[in-house]
Amino acid sequence: MIGLFIMSELTLVGTWSLIAWFNQDEDGRRVYPLGEDATGYISYSQDGFVFVHMMASNRMLYATNDPFGGTVQEDTAAIKSQITYAGPYEYKLDHVIHRVTQASCPNWVGTEQIRQVEMSGDRLRLSAANAVFQGQTVTAYVDWCRAGI
């Protein structure tokens, strides 16, 4: 059993490119929080850390090239058009626990983000039932493919 666990964990290790992130309500309606053409990566390292960044593909640019020089409107648009978080992870075959230590959403720091895991070849689906997004309880689905494929 230990060999199976290690082999399965190694299939998760690596960098994955975002295919789609959508939230589905109980009536089956889908909402794409960052748009249907969102981009991003998730990377699982062999030493047990996960790094996630997803963003809208058509983000509003700041007037200047200073990342801390945005107006209130520019800063609001920037934070609302991306999600980033990182920390240690623990893989349990059918789910993975992301223990968040850094995040664009400050409320996530110190939390465990639990995702169901489905793998098929070079495809990965992470999902979270009973997730709250934009005030609504949904099931979040994030589809990935191995980066570079």
Side chain to side chain contact (heavy atoms under 4.5 Å, CB included) partner of Leu18, chosen from Val142, Thr39, Leu34, Asp143: Val142
Same apolar cluster (I L V M F W Y, side chains within < 4.5 Å links), Val100/Val132: no
Heavy-atom pair with the smallest gap, counting every atom of Arg59 and Ala78: NH2-O, 3.0 Å
Passing option when Ile42 is tested against Leu12, Val52, Thr15 for side chain to side chain contact (heavy atoms under 4.5 Å, CB included): Val52
Within one Ile-Leu-Val-Met-Phe-Trp-Tyr cluster: Tyr41 and Val13, side-chain cutoff 4.5 Å: no
Steps toward side-chain hydrogen bond (donor to acceptor under 3.5 Å, both in side chains) verdict (Ser57, Asp37): CA-CA 6 Å; Ser57 65; Asp37 57 351; 2.8 Å; yes
Steps toward ring-ring contact (aromatic ring centres under 6.0 Å, His included) verdict (Tyr89, Tyr44): CA-CA 8 Å; Tyr89 76 92; Tyr44 290 99; 4.8 Å; yes
Pairwise side-chain contact, Ile97 with Tyr91, heavy-atom cut-off 4.5 Å (strictly under): no
Trace of the side chain to side chain contact (heavy atoms under 4.5 Å, CB included) decision for Leu126 with Trp144: CA-CA 8 Å; Leu126 300 177; Trp144 307 92; 3.8 Å; yes
pair Met119-Val117: side-chain heavy atoms closer than 4.5 Å: yes
Check: Thr71 side chain, Glu74 main-chain N or O, donor-acceptor pair, under 3.5 Å: yes
Value rounded to 0.5 Å, distance of CE in Met60 from CD in Gln73: 7.5 Å
Asn130, CG atom: more than 12 neighbouring heavy atoms under 6.0 Å: no
Close side-chain approach of Ser104 to Tyr85, heavy-atom, < 4.5 Å: no
Heavy-atom pair with the smallest gap, counting every atom of Ser17 and Ala147: OG-CA, 3.5 Å
Trp16 and Arg146, any side-chain heavy atoms less than 4.5 Å apart: yes
Test side chain to side chain contact (heavy atoms under 4.5 Å, CB included) applied to Ile19 and Arg123, step by step: CA-CA 9 Å; Ile19 297 170; Arg123 298 292 175 119; 3.0 Å; yes
Euclidean distance, Ile83 CD1 relative to Lys80 NZ, rounded to 0.5 Å: 10.0 Å
Full working for side chain to side chain contact (heavy atoms under 4.5 Å, CB included) between Val96 and Arg115: CA-CA 5 Å; Val96 62; Arg115 306 292 186 254; 3.9 Å; yes
From CA spacing to verdict: side chain to side chain contact (heavy atoms under 4.5 Å, CB included), Gln82, His53: CA-CA 7 Å; Gln82 60 87 33; His53 185 256; 3.6 Å; yes
Close side-chain approach of Ile114 and His95, heavy atoms under 4.5 Å: yes
From OG1 (Thr139) to CZ (Arg30), nearest 0.5 Å: 11.5 Å
Chi angles and distances behind the side-chain hydrogen bond (donor to acceptor under 3.5 Å, both in side chains) call for Ser120, Glu118: CA-CA 7 Å; Ser120 178; Glu118 297 174 55; over 6 Å; no
From OG (Ser127) to CH2 (Trp21), nearest 0.5 Å: 14.0 Å
Distance, nearest 0.5 Å, that separates CZ of Phe22 from CZ of Arg29: 15.0 Å
Residue pair Pro88 / Thr101, side-chain heavy-atom distance below 4.5 Å: yes
Check: Asp66 side chain, Phe68 main-chain N or O, donor-acceptor pair, under 3.5 Å: yes
Flag, side chain of Tyr62 to backbone of Thr64, donor-acceptor distance under 3.5 Å: no
Aromatic ring pairing Phe133/Trp108, orientation class (parallel under 30°, perpendicular over 60°, tilted between): perpendicular
Enclosure of Asn65 CG (heavy-atom neighbours >12, cutoff 6.0 Å): no
